[in-house]
Each structure stands twice: as C-alpha cells, then as structure tokens.
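Right, one structure below, let's go through it.
Per chain, numbering begins at 1; letters A, B, ... match sequence-line order. On a predicted model such as this, the values are computed, not experimentally measured, just so you know.
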Protein chains: 2
Amino acid sequence: MKHEYFSSVLKKCGVKVTKQRVAILEVFEEGCKPISAEGIFGVLKKSKKVSVDLATIYRNLQVLEAHKVIRRVDLRGDSQLYELGGHHHHHILCTACGATEGFDFCIANTIEKHVVKQSKKFKVITEHAVELFGICSECVSKSKK
Amino acid sequence: MKHEYFSSVLKKCGVKVTKQRVAILEVFEEGCKPISAEGIFGVLKKSKKVSVDLATIYRNLQVLEAHKVIRRVDLRGDSQLYELGGHHHHHILCTACGATEGFDFCIANTIEKHVVKQSKKFKVITEHAVELFGICSECVSKSKK
DNA sequence: CTTGTATTGCAAACTGTTCGCATTACTGTA
DNA sequence: TACAGTAATGCGAACAGTTTGCAATACAAG
C-alpha cells in the first residue's frame with residue numbers, strides 16, 4: 001500500500017529505495033501538515049520503527065525537494081518546513097498559536113500575467129509563494145476574554 | 001535632510017536616536033533592495049563612516065521591524081532579508097542569479113476575502129507574503145548560448 | 001551471491017542569529 | 001549646560017539549524 005506507493009515514487013526519481021526514505025515520506029503523509037527536519041526526527045524517534053539520523057533527514061529533504069516529491073513552505077518559522085508535493089495550495093498561519101490551514105484556490109496566475117506584462121526583466125516565472133498570516137478564531141476569542 | 005528624517009522616524013517610535021540606527025536606515029534607503037544583517041554590516045564596514053557591531057544590527061532589525069519601519073522579505077535565501085516599510089509591494093527573484101525586482105500591484109485582498117469566506121478557522125488576516133520566483137531575461141539568454 | 005555505488009550514521013564544522021554583561025551615549029530635567 | 005537615569009552598544013560566548021567528511025552499510029543490477 002503506502003509503502004509500495006512511496007517505493008515507486010522513489011524509483012521514478014532514480015534514487016535508491018531505503019527504509020529511511022520511505023519512513024520520512026510516511027511521516028509527511030500521516031502528518032498532513034508542513035513539518036521540519038527536526039519534526040520528522042522527533043516523530044520517527046517516538047515511533048521507534050526506524051531510527052533515522054538527523055543528517056540523513058536533511059540530506060533526503062534536499063533530494064526529495066530536488067525531485068519535487070516535497071516542496072518547501074515559507075512560514076517564517078525558525079526552521080524550514082516541507083510538505084508533500086501533491087496538489088497545489090497555499091497556507092495561512094496563526095501568528096498567535098502557530099496553527100496552520102491550507103487553502104486550495106490560488107490567483108497567482110493572475111499576478112504572474114501582470115508581472116510578465118509589466119516587467120522588462122522577468123518573463124519567465126517558475127514558482128510562487130503565497131502565504132497569509134492572521135489570528136485564528138480560537139486565539140481571537142481567547143484575547144477577548 | 002535624510003538624517004533628520006530618520007531621526008524623526010525613530011523619535012515617533014519612542015526609541016533613542018543613535019548614529020548606528022540612522023546609519024542602518026541610510027543603508028536601507030540607498031540600497032533600495034532587500035538586504036540582510038550581514039549585508040548591512042558589510043556596507044557599513046566599507047563606508048567606514050560608522051562602525052556598527054553585527055549584534056547591534058540584529059537587535060535593531062528587530063526593533064525596527066516591531067515598529068514597522070522595516071519589514072521582512074521571504075525570498076528563501078540563507079539569511080533573513082529586510083526592506084524599508086514604505087509602500088506595499090512584492091518581489092520576484094531570479095533563482096539563477098539572485099536578481100530581484102519589486103512589483104506594485106497586489107491581489108492578496110482578493111485571496112484574503114476568499115479565505116475568510118471559506119475558512120472556519122480564520123477570519124482575521126493581518127499580513128500576507130506573495131513572492132514569485134523565475135528566471136530573469138538575462139539568465140534566460142545566457143542559458144540559450 | 002557478488003560487486004559497485006549510493007546512502008547512512010556519527011562527529012565535527014559552519015552559518016546565521018541571539019544573549020549576558022560591562023561600558024557608552026542618548027534624552028529629559030534642572 | 002551639566003547631570004542622572006536608562007536605553008543602546010560592543011564584545012565574546014552561546015545557540016539552533018543545517019551541512020560536511022569519512023568510514024561503514026545496504027540497496028540494485030548482473
């Protein structure tokens with residue numbers, strides 16, 4: 001199932017299928033939220049199924065990002081977060097409690113068209129980041145008390 | 001002129017007007033581009049007008065950001081970049097050579113409305129980041145050679 | 001099963017950033 | 001203009017997150 005799926009993903013990338021890599025991908029899938037290297041390390045340490053070195057995690061995050069299996073998420077935290085590549089979406093972060101939520105729609109294409117039209121320097125846009133920051137309803141009600 | 005202007009900005013913030021702070025703000029104004037603590041340090045070192053410790057720069061970046069005199073820019077680099085608060089805009093970064101350009105229009109309000117409408121969790125949005133990544137025309141033509 | 005090479009674990013190095021503390025220099029008041 | 005109180009600075013050391021070198025390991029192809 002999952003294991004086989006991730007194996008095939010790794011094979012398609014042309015990299016070796018190791019238990020560490022599969023374990024890392026499983027953490028991503030189960031978590032459903034952007035997570036850091038240290039975060040993955042913590043999850044795997046607790047689970048005790050596989051022991052993976054932190055350096056190995058960092059190296060694999062690079063490999064997986066290069067093959068677009070995962071992508072970086074810029075949420076202004078102390079450490080770099082990643083999530084499964086899957087479908088395109090963006091995030092909103094609660095600056096009070098750190099809660100995150102994804103949102104599916106994206107009008108970056110519109111922005112990109114504008115930029116390409118107006119900019120002399122840039123005609124090729126390969127990626128974009130759209131992240132919102134706010135206060136989640138829970139924190140709003142807390143602060144009113 | 002500039003010096004007096006920055007002094008008044010600092011006074012409005014209720015912080016002391018020091019030559020270091022003014023020097024830092026001058027670097028921001030002259031550079032016209034997002035710059036890092038280390039970057040500011042380098043500029044000031046070369047100029048030799050004022051010597052400012054790196055720790056002082058970091059501390060002041062925090063102070064200035066807290067007072068919204070400057071703002072953070074998330075361009076996925078090794079270090080955190082900042083720019084003068086001034087008018088609202090976003091950036092596009094060339095992933096090949098690091099060149100940046102600002103663009104003025106912004107449809108984040110539209111996205112924000114969507115999010116507020118669709119999300120149960122978030123009704124209050126305070127900030128947003130919209131950054132594009134691409135290849136600048138110069139790098140495109142270089143790669144074709 | 002064997003072999004070649006990618007990958008891992010471990011420890012050490014590095015980089016960007018923060019902190020503690022004594023010294024300095026702003027700012028408000030006399 | 002001098003003075004006192006306090007915020008801000010410089011310096012060094014500490015830190016967190018991340019990267020690297022290298023020997024040992026384990027995957028993949030034959």
Side-chain angles (χ1 to χ4, degrees), chain A residues 3-4 6-27 34-45 48-67 69-70 72-82 98, chain B residues 3-4 6-27 34-45 48-67 69-70 72-82 98:
Chain A
H3 196 293
E4 278 74 40
F6 288 133
S7 292
S8 73
V9 168
L10 291 169
K11 275 176 196 157
K12 271 180 205 157
C13 296
V15 300
K16 285 190 177 172
V17 179
T18 66
K19 58 185 178 223
Q20 290 88 342
R21 280 181 180 149
V22 174
I24 291 170
L25 288 174
E26 281 173 351
V27 172
I35 190 169
S36 68
E38 200 82 40
I40 295 169
F41 186 65
V43 172
L44 290 176
K45 212 172 198 174
K48 300 206 172 179
K49 288 175 198 163
V50 200
S51 136
V52 184
D53 192 79
L54 196 48
T56 299
I57 295 176
Y58 276 108
R59 276 188 281 236
N60 279 317
L61 290 179
Q62 286 177 183
V63 170
L64 294 171
E65 194 202 356
H67 289 283
V69 177
I70 59 174
R72 306 174 53 153
V73 182
D74 292 316
L75 290 179
R76 301 192 178 175
D78 310 315
S79 53
Q80 186 57 56
L81 302 181
Y82 295 85
Chain B
H3 195 292
E4 278 74 40
F6 288 134
S7 292
S8 74
V9 168
L10 292 169
K11 275 176 196 156
K12 271 180 204 159
C13 296
V15 299
K16 286 189 177 172
V17 179
T18 66
K19 57 185 178 224
Q20 289 87 340
R21 281 182 179 148
V22 174
I24 290 170
L25 288 174
E26 281 173 351
V27 172
I35 190 169
S36 68
E38 200 83 38
I40 296 170
F41 186 64
V43 171
L44 290 176
K45 212 172 198 172
K48 299 206 170 180
K49 288 176 200 162
V50 201
S51 135
V52 184
D53 192 79
L54 196 49
T56 300
I57 296 176
Y58 276 108
R59 276 188 283 235
N60 279 318
L61 290 179
Q62 286 179 185
V63 170
L64 294 171
E65 193 202 357
H67 289 283
V69 177
I70 59 174
R72 306 174 52 153
V73 182
D74 293 316
L75 290 179
R76 300 191 179 177
D78 310 314
S79 53
Q80 186 57 54
L81 302 181
Y82 294 85

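Between the CD atom of B:E65 and the P atom of C:dT18 there is a distance of 10 Å, rounded to whole Å. Rounded to whole Å, the distance from CG on A:L44 to C1' on C:dG9 is 15 Å. Distance, B:F41 CZ to C:dG16 P: 13 Å, rounded to whole Å. Counting to the nearest Å, the C1' atom of C:dA6 and the CG atom of A:N60 are 11 Å from each other.
Across every non-hydrogen atom of B:S7 and B:V22, the tightest pair is OG-CG2, 4.5 Å. Nearest heavy atom pair, residue B:A23 against residue B:L44, reads CB-CD2, 3.9 Å.
Taking only side-chain nitrogens and oxygens, A:T18 comes nearer than 4.0 Å to OP1 or OP2 of C:dT8. The side chain of A:Q20 contributes no N or O atom lying less than 4.0 Å from OP1 or OP2 of D:dC27.
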For this session: With side-chain contact (heavy atoms from CB on, under 4.5 Å) as the test, would you mind laying out the steps for B:H67 and B:K12 before giving the verdict?
Result: CA-CA 9 Å; B:H67 289 283; B:K12 271 180 204 159; over 6 Å; no

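Considering CG of A:L54 and NZ of A:K45, their distance stands at 9.0 Å, rounded to 0.5 Å. Taking CD1 from A:I70 and CD1 from A:I24, the interatomic distance works out to 8.5 Å, rounded to the nearest 0.5 Å.
Here the side chains of A:I40 and A:V52 are not in contact, with every heavy-atom distance at 4.5 Å or above.
Within the 3.5 Å criterion, the main-chain N or O of B:V73 finds a donor-acceptor partner in the side chain of B:Q80.
Both A:R21 and B:K19 lie close to DNA chain C; mapped to their nearest nucleotides by heavy-atom distance, the more 5′-ward contact belongs to A:R21.
The stretch residues 8-17 of chain B touches DNA chain D through B:V15, B:K16, each having a heavy atom under 4.0 angstrom from the strand.
Using a 4.0 Å heavy-atom criterion, one finds that B:V63 contacts no nucleic acid atom at all.
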Exercise. For every nucleotide of nucleotides 12-19 of chain D, 5' to 3': is a protein heavy atom under 4.0 Å from its base (B), only from its sugar-phosphate (S), or from neither (-)?
Worked result: -----SBB

